[in-house]
Amino acid sequence: MSYIDKRRQLLKSALALVGGGIALPALGAVKLPLTPSCGQAEELTLAQTEGPYFSPNTPLKQDFSADDPHGRPFLLQGLVLDTHCRPQAKALVELWHADSQGHYDNEGYRLRGHIFTDAQGRFQFKTVMPGIYPGRTRHFHLKVQRQGGRVLTTQLYFPQESLNARDGIYDPSLLMQLGTHQDMQLGQYQFIVA
Ligand SMILES: [Fe+2]
């Protein structure tokens, strides 16, 4: 089984559970598996370029939906694990992305923020579907750092985007597992960090 197939299998149970209904934005109610099913040492999540639009000192913020009221709601959920598959509590997860029109806020902090994982290594952001801008496929930017660990800078991608194949930065190992939750598109990803 390929690495990607294996990871998809790991997240399948999480997607199955999400349909039970969760209260937003209460992180404690996120239906992700409390214990990941990976048992062996896993490959590190691929690092990717930060790009030109990173801003430091972002606010602690889990809900970006007011930053782009006309955007299509999107729920980004995930897990942060170490290479021994141990969930990482209080890991930093920073998210920034283009708005639904493909523009970054380079003056303020619209669609930018960071949170920390819960005791089970889980996180979730309520945001909107990023728009596409020239030269790139649809993507999120993230930084992930477990306590005492290195900062992982990377990006996440959407399956079945026709522009993926033409994007020189895109990597299939960074595809989210998509589903739906209520009126929201849902994307899930499991980060493995050093
Ligand atoms: Fe970007």
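Reckoned from all heavy atoms, side chains included, excluding hydrogens, waters and symmetry mates. Just follow the structure's listing: the first ligand is 1, and inside any ligand the first atom is 1.
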Problem - Neighbouring protein N, O or S atoms of the Fe ion (ligand 1) [cut-off: under 2.8 Å, no waters] - result: Y104 OH, Y133 OH, H139 NE2, H141 NE2

Handout entry: Minimum side-chain heavy-atom gap D99-V128 below 4.5 Å
Key =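 Sidechains of V128 and D99: no contact.
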
Exercise for the section: Taking the six-membered ring for Trp and the full ring for Phe, Tyr or His, determine whether the centres of F140 and Y189 are under 6.0 Å apart. Expected result: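 No - the distance between ring centres of F140 and Y189 does not fall below the 6.0 Å cut-off.
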
Exercise for the section: Have a look at H141 and tell me which of Q48, Q155, E50 forms a side chain to side chain contact (heavy atoms under 4.5 Å, CB included) with it. Expected result: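 It is Q155, the one option of Q48, Q155, E50 that forms the side chain to side chain contact (heavy atoms under 4.5 Å, CB included) with H141.
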
Handout entry: Criterion side chain to side chain contact (heavy atoms under 4.5 Å, CB included) against T127, the qualifying member of M184, Q62, H97
Key = H97

Practice task
Only counting residues at least two apart or in another chain, list the ones meeting side-chain contact (heavy atoms from CB on, under 4.5 Å) with T58.
Solution key: E94, Y109, R112, H114

Problem - Parallel, tilted or perpendicular: ring planes of Y104 versus Y53, cut at 30 and 60 degrees - result: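 The rings of Y104 and Y53 lie parallel, inter-plane angle below 30°.
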
